[in-house]
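Okay, so here's the structure we're looking at.
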Amino acid sequence: MQRRLMTELPGLGKAGALERKPYPPGQHGQQRKKFSEFGLQLEEKQKIRVHYGLRETQLRRFVVKAKSGSSDNWVASLASLLERRLDNLVFRLGFAPSIPSARQMVSHRKVMVNGKIVNVKSYVAKVGDVITLTQRGLEGQDFLKAQMAPRLTLPNYLTVEKADAGVTGKVIDSPTVGDIPFPFDAGTFTSFYSGLK
């Protein structure tokens with residue numbers, strides 16, 4: 001999927017896909033492809049959907065929720081919602097090597113928010129929320145793998161503290177479009193969902 005979109009999507013946890021073969025897959029992958037305006041819009045939408053691991057209906061619900069807020073810039077609201085999803089936070093804090101593995105940690109009850117286990121991967125954390133792992137989470141292969149080779153640097157809206165008892169992550173600010181960890185054209189994405197209310 002990264003090669004089809006010609007964009008490295010860190011949430012998938014697979015680094016270097018474009019370095020090995022820097023062209024789209026398929027028989028005609030090395031030929032230059034021209035995109036229509038709709039094709040470009042679709043590509044930006046697919047980047048968001050694939051990176052965050054969302055079905056189309058889930059992404060549409062997030063877009064509707066972002067548009068229903070008071071902000072004129074609904075894409076910024078959408079970015080904030082997606083980046084504050086619990087599965088994404090576990091990944092961005094460096095507790096898991098990818099969003100799918102973070103999702104599995106959440107569903108296996110290895111993640112706590114404010115001291116309570118939360119097993120809903122789509123839970124949207126608030127500024128001030130504290131995210132920790134259970135003992136099982138700290139001893140799991142996903143956490144150990146992520147600690148040995150972090151996929152991304154820590155974004156400005158999060159902090160991490162390490163202690164003998166484990167690691168503690170905290171949401172200290174609201175994420176913005178600039179926190180999306182891959183090249184993203186917000187204007188083109190906005191055009192794709194311009195008619196959705």
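- For Asp87, the salt bridge (charged side-chain N to carboxylate O under 4.0 Å, His left out) partners two or more places apart in sequence, or in a different chain, are Arg85, Arg103.
- Leu54 and Val64 end up in the same hydrophobic cluster when Ile, Leu, Val, Met, Phe, Trp and Tyr side chains are linked at under 4.5 Å.
- In terms of heavy atoms, Gln41 sits closest to Ser191 at NE2-CB, 3.4 Å.
- Residues meeting the side-chain hydrogen bond (donor to acceptor under 3.5 Å, both in side chains) test with Gln141, sequence neighbours left out: none.
- By the side-chain hydrogen bond (donor to acceptor under 3.5 Å, both in side chains) test, Thr168 is found to be paired with no residue, residues two or more places apart in sequence or in another chain being considered.
- Taking all atoms of both residues into account, the shortest heavy-atom contact from Phe143 to Gly137 is CB-O, 3.3 Å.
- Put simply, the side chain of Lys170 never gets that close to the backbone of Glu161: no donor and acceptor are under 3.5 Å apart.
- No single ILVMFWY cluster, assembled from side-chain heavy atoms under 4.5 Å apart, contains both Val127 and Val124.
- Neither Leu81 nor Tyr157 shares a network with the other; the hydrophobic side chains, linked directly or stepwise wherever heavy atoms of I, L, V, M, F, W or Y lie under 4.5 Å apart, form separate groups for each.
- Applying the 6.0 Å contact sphere to CG of Asn156 captures no more than 12 heavy atoms from other residues, nucleotides or ligands.
- Other cluster members for Val130: none, since no ILVMFWY side-chain heavy atom sits under 4.5 Å from it.
- Glu83 and Tyr52 share a donor-acceptor pair across their side chains, judged by distance under 3.5 Å alone.
- Nearest heavy-atom pair, Leu154 versus Leu93, reported as atom, atom and distance to 0.1 Å: CD1-CA, 4.1 Å.
- The distance from atom CH2 of Trp74 to atom OG1 of Thr190, rounded to the nearest 0.5 Å, is 5.0 Å.
- The stretch residues 51-65 participates, sequence neighbours left out, in these salt bridge (Lys or Arg N to Asp or Glu O under 4.0 Å) pairs: Lys45-Glu56, Glu56-Arg60.
- Between the Glu44 side chain and the Phe184 main chain, no donor and acceptor come within less than 3.5 Å of each other.
- Between Lys121 and Ser107 the shortest side-chain heavy-atom distance does not fall below 4.5 Å.
- For Ala79, the side chain to side chain contact (heavy atoms under 4.5 Å, CB included) test picks out Val177, Ile180, with sequence neighbours left out.
- The backbone N or O of Ala76 sits nowhere less than 3.5 Å from a side-chain atom of Ser80 that would complete a donor-acceptor pair.
- Rounding to the nearest 0.5 Å gives a distance of 9.0 Å between CG of Leu42 and CZ of Arg49.
- For the pair Leu138 and Phe95, the minimum side-chain heavy-atom distance is 4.5 Å or more.
- By the 4.5 Å heavy-atom criterion applied to side chains, Ile131 and Val171 are counted as neighbours.
- When all heavy atoms are compared, the tightest approach of Thr159 to Ile172 is CG2-CD1, 3.5 Å.
- The distance from atom CZ of Arg109 to atom CD1 of Ile117, rounded to the nearest 0.5 Å, is 4.5 Å.
- Of all heavy-atom pairs between Phe91 and Pro97, the closest is CE1-O, 3.5 Å.
- You'll find the side chain of Gln147 stays beyond 4.5 Å of the side chain of Leu144, heavy atoms only.
- Atoms CG and CG, from Leu158 and Asp129 in turn, are 11.0 Å apart once rounded to the nearest 0.5 Å.
- Of the listed residues (Val106, Leu89, Val113), just one forms a side chain to side chain contact (heavy atoms under 4.5 Å, CB included) with Tyr123, and that residue is Val113.
- When all heavy atoms are compared, the tightest approach of Ala96 to Ala146 is C-CB, 3.4 Å.
- Met112 contributes atom CE, which lies 6.0 Å from atom OG1 of Thr134 (distance to the nearest 0.5 angstrom).
- Rounding to the nearest 0.5 Å places NE2 of His51 at 10.5 Å from OG of Ser98.
- Residues Val75 and Phe192 are members of one and the same hydrophobic cluster, defined by side-chain heavy-atom contacts under 4.5 angstrom among Ile, Leu, Val, Met, Phe, Trp and Tyr.
- Proximity of Leu78 to Tyr193: side-chain heavy atoms (C-beta onward) are nowhere separated by under 4.5 Å.
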